[in-house]
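A note on names: the letters A, B, ... follow the listed sequences, proteins ahead of strands, and every chain is numbered from 1.
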Amino acid sequence: MRFTLNGLPVETNAHPMARLLDVLREEQRLTGTKEGCGEGECGACTVLVDGQSVCSCLVPVAQVEGARVTTIEGLHGTHPLQKLFMDEVGAQCGICTPGMVLAALALEDNPVPTLDDVRTALAGNLCRCTGYSAIYRAVLKWRAEADSGPHAAPEQASARHK
Amino acid sequence: MPVTAVGQSVSRKDGIGKATGAAKYADDLTWPGMLHGRTIRSTVPRGRIRAVLFDFDTTGFTIVDHADVPGSNMVDLIERDQPLLAVHEVRHVGEPILLLAHEDKEVLHAARVLVEYEELPPLLDPEGSEQTFKTITIDKGDAAAMAGADLVVEGTYQTGHQEHIYIEPNGVIAVPEDGGITVHGSIQCPFYALKALKALLGPDIPARVVQTETGGGFGGKEEFPSIPAGHAALLAHKSGRPVKIIYDRVEDMVSTTKRHPSIVRHRTGVKRDGTLVAMEVEVILDGGAYVTLSPVVLSRGCIHAAGPYRCDNIRIEGRAVFTNTPPNGAFRGFGAPQTEFAVEVQMERVAEALGMDPVEFRRKNALRAGDTTATGQVLREDCSALAVLDEAVRRTEFARKRTEYEGTDRAIGLSLFYHGAGFTGSGERYLKSRARLEVTPTGVRIATGSTEIGQGTRTMHAQIVADALGVPYESVEVAQPDTKHVVDSGPTVASRTCMVVGKILEECAVEMRSELGKLSPAEYFAKHGAMTVERMYEPPDWIRWDDATYRGDAYATYGWGCDVVELEVDPDTFDVRLLEVTAVQEFGRPIHPALARGQIEGGTVQGLGYALLERVVMRNGAMANAQLTNYTIPTTLDVPEIDVVMLENPYPGGPFGAKGLGELPMDGPAPAVVNALRHLGHDIRAIPATPEMIAASPVAART
Ligand code: FES
Ligand code: FES
């Protein structure tokens, strides 16, 4: 079975019903995707499948056959949102951060999201440390900066494999 | 010396690893030949073990029970009463009985072990428990002065369990090496785990503990990880191979410690003019099946039980009791959120009974410099109760809204609270915490046992050292807490990591500077080679504390807070919508304003969850809703942005004026929410205040 992982083609021998989360972490050794609950409630395992954020603990790997999967490693540390999570202290313990960053990418097409838009986009991602406010600051700043300058565009595009 | 890092929101030392997913947490690590470990646990709250039967092919398995323990089978904590592995009896659901390890996770989890019990009747009601882990009495003046009060108000308040829900569940890997065992793991206090491992493994097997990146702790990884660390060590010792134990969410919720449920009774006597005459407080904490840290949780809870108020006559009596439920343990706030909830709702009711404005009543009675606390501690200039109250009331236009919301579905309420920083009483003196600074070829390295669990230890320690030594923040490295390479700085708990360990580091840096002369650390290294400076903590010399009588200076200093909550209750569903939450807090001086703000925002939201959402349902001694689907913590949709105000009042005993902060924000939200509900007429005396409870609570006419 083949799919595209962070822009590169990969082949897996995993059981079709294996969780995408396990294939990513154990077979592909990409441990940036985290497991917080294993039941679709915490969002720590969030990845993008064809640009849509999903909980990889709920997705059997068979479902991503032929699809483009992006994990936090696929942003290469160069996405402006990653820097803003650092600057705004959107990451405390950091265990929710990869999932939060990927879930927030859903707002990429929204040039001026409101706070409620951000809340809705992140409603499936739990953070026990920050109380979310610092995460909102990072995300809103990202959109405001993207809105005022085109400099961030290349990384964003590559993150979404457009 | 120029101050360039302290007071600035410099970039976190660990920011990049966390934002890129490169940071390695326990489950991200593997070793060649590693096995996976699993814990077989009791399914009954109390019973004798009759038989343990293996209903699987045991080939390829490592199996460990109590007979495999080389040293002592008892967790080495305050009391040695809790077995690592049950022997003949079990006292709570989730108690570990047997350990299995196998290289294939699926095979491991498919193995069926049958345990036969002779079940015994469990004790589940803390009020009916006559087995007491600890009792405490605090006496100030004479509570019999109550007789002279114009009005006496009584009330009973209850708080439930609270589950930590660090997003990373407990996890450890034990690795046999150099004839001993090294445990890597998600551990708040590596030296606690080390002590427990030494007792467990005995004198012939050396132990070492290394903290991995830790995905949240909040007290839940303070004392508890000694158990999974010990289990993994036993399996590794027996198999001779590395063994990883990672709890899944359900196991973590069912079996690990939680915040102690409480029952607190108040009797408060006041004069007509609002002067407090006497306070009697009874505190009962449900400790669960083993002692763990219950005595010290009770201690902090009792010391804070009279709230930040001046009253000459106080009696506080507390007890932590045994029940056949999983042991409760450390959780941010450590007893104070329970007792401060009770006293703040009680004060609201006293004001109401007097027909007095709640702010006016608090202003009249709030502690000021020169006043004495319940333990007789004379407060100094670092007392800010009135300052936080006045700022919160002004900023939120409390008085105007209080009137304006009458007759609507909206309400506003507040709480005034404080939190002692550092270990209680003589605790810091007994701890003898140490910290070390090392000159390296490129700068300096901090080598302490203080862990980074999200709160920013690495960053703020480096800021303190940078400025005290006069070197750039970037040139300060922070060593990973590894008991082989760092010194014991005491546990990373009790809001002490900045104020206490930061202070030792500041002193190390000052001493190092005088050794360096005008050289930079790197220049010194090039010329003279390595140098280290190590120092021990000296608590302020004026601290006097008597453990026997509970009199004296309970804490070197206190943080102060006032939370204001505005909310709306749906008249049909009784759902609570939080509209605005304001947190005004004084904690000396922030070393890193953005990190400090994050502590307040995060702690406040945990407190709001405690107030409204987080309900542990216990059925026959077991958590019945041990899933994130059924036990809900605040999501982005449940809480507003928190309006944070940080008032400064530098504390001379802390580094650059800092006090402890981590726990303070947890104390205020629950009473502020419940006092807002009271403003709507709902008489709530227990949390979490679920819609069902609000619907059932008597609605009095608003005054
Ligand atoms: S691990 Fe997938 S949602 Fe929690
Ligand atoms: S930063 Fe710890 S859970 Fe979000």
Side-chain angles (χ1 to χ4, degrees), chain A residues 22 25-26 29-44 71-73 75-79 81-99 101 115-116 118-138, chain B residues 9 11-12 14-25 27-30 164-169 213-218 246 248-250 452-456 592 594-595 597-606 608-609 627-629 632-637 639-642 644 665:
Chain A
D22 295 329
R25 287 180 53 85
E26 287 165 23
R29 298 253 170 238
L30 295 180
T31 54
T33 307
K34 307 298 182 189
E35 174 163 4
C37 68
E39 54 172 359
E41 286 293 331
C42 76
T71 69
I72 190 73
E73 290 87 352
L75 304 189
H76 308 296
T78 56
H79 195 283
L81 189 51
Q82 290 177 295
K83 165 124 182 24
L84 283 162
F85 261 74
M86 289 184 239
D87 293 349
E88 298 298 320
V89 197
Q92 285 190 27
C93 82
I95 196 84
C96 72
T97 310
V101 169
L115 180 58
D116 276 344
V118 179
R119 282 215 167 90
T120 308
L122 301 179
N125 293 67
L126 296 177
C127 175
R128 189 57 150 170
C129 297
T130 64
Y132 305 105
S133 293
I135 294 173
Y136 302 154
R137 288 194 283 274
Chain B
S9 293
S11 75
R12 280 186 83 112
D14 46 5
I16 179 104
K18 289 174 173 174
T20 59
K24 294 283 182 253
Y25 299 79
D27 197 20
D28 302 336
L29 301 171
T30 52
H164 303 87
I165 313 288
Y166 25 66
I167 301 297
E168 178 207 28
E213 199 68 67
T214 297
F218 319 115
I246 306 287
D248 69 20
R249 180 59 63 185
V250 176
E452 170 68 68
I453 56 173
Q455 80 286 48
H592 187 297
L595 285 177
R597 175 178 296 267
Q599 285 300 295
I600 298 172
E601 290 167 343
T604 302
V605 169
Q606 277 179 7
L608 294 170
Q627 279 178 302
L628 285 177
T629 327
T632 46
I633 65 167
T635 68
T636 56
L637 302 179
V639 283
E641 276 189 293
I642 312 299
V644 172

- For B:Asp14, salt bridge (Lys or Arg N to Asp or Glu O under 4.0 Å) partners two or more places apart: B:Arg12, B:Lys18, B:Arg458
- Query: With sequence neighbours left out, what residues match A:Arg119 under salt bridge (Lys or Arg N to Asp or Glu O under 4.0 Å)?
  - Reply: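 Result, salt bridge (Lys or Arg N to Asp or Glu O under 4.0 Å) vs A:Arg119: A:Asp116.
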Output the option from [options] having the highest count of non-hydrogen pairs under 4.5 Å with chain A.
options	result
B:Ile453, B:Ile246, B:Ile633	B:Ile633
B:Leu608, B:Thr629, B:Thr636, B:Val605	B:Thr636
B:Pro634, B:Ala23, B:Ala22	B:Pro634
B:Tyr25, B:Phe218, B:Tyr166	B:Tyr25
B:Asp248, B:Thr214, B:Ile642	B:Thr214

Need one label for [X]: side chain, backbone, both or neither, based on atoms under 4.5 Å from any heavy atom in chain A.
X	value
B:Ile16	both
B:Asp28	both
B:His592	side chain

Residue pair [X] / [Y]: nearest heavy atoms and the distance that separates them:
X	Y	answer
A:Arg128	B:His164	NE-O, 2.8 Å
A:Leu30	A:Glu73	C-OE2, 3.4 Å
A:Arg25	B:Asp27	NH2-O, 2.9 Å

- Task: May I ask you to decide if B:Ala594's main-chain N or O and B:Ser9's side chain share a donor-acceptor pair within less than 3.5 Å?
- Result: yes
- Item | Donor-acceptor under 3.5 Å (A:Thr130 side chain, A:Cys127 main chain) |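 Here the side-chain-to-backbone pair does not exist.
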- Item | Residue, of A:Ala134, A:Cys129, A:Ala44, that accumulates the most heavy atom pairs under 4.5 Å with chain B |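 With the most close heavy-atom pairs to chain B, the winner is A:Cys129.
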- Output the option from A:Gly124, A:Gly32, A:Cys93 having the highest count of non-hydrogen pairs under 4.5 Å with chain B.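 If we count pairs closer than 4.5 Å to chain B, A:Cys93 comes out on top.
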- Task: Determine whether the side chains of B:Gln627 and A:Glu39 contain a donor N or O and an acceptor N or O closer than 3.5 Å.
- Result: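 Judged by distance alone, the side chains do pair up.
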Could you look at [X] and say if it's the side chain, the backbone, both or neither that has a heavy atom under 4.5 Å from chain B?
X	value
A:Ala123	both
A:Glu88	neither
A:Leu115	side chain

- Answer yes or no: is there a side-chain heavy-atom contact under 4.5 Å between B:Glu213 and B:Glu452?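 Counting from C-beta outward, B:Glu213 and B:Glu452 do come under 4.5 Å.
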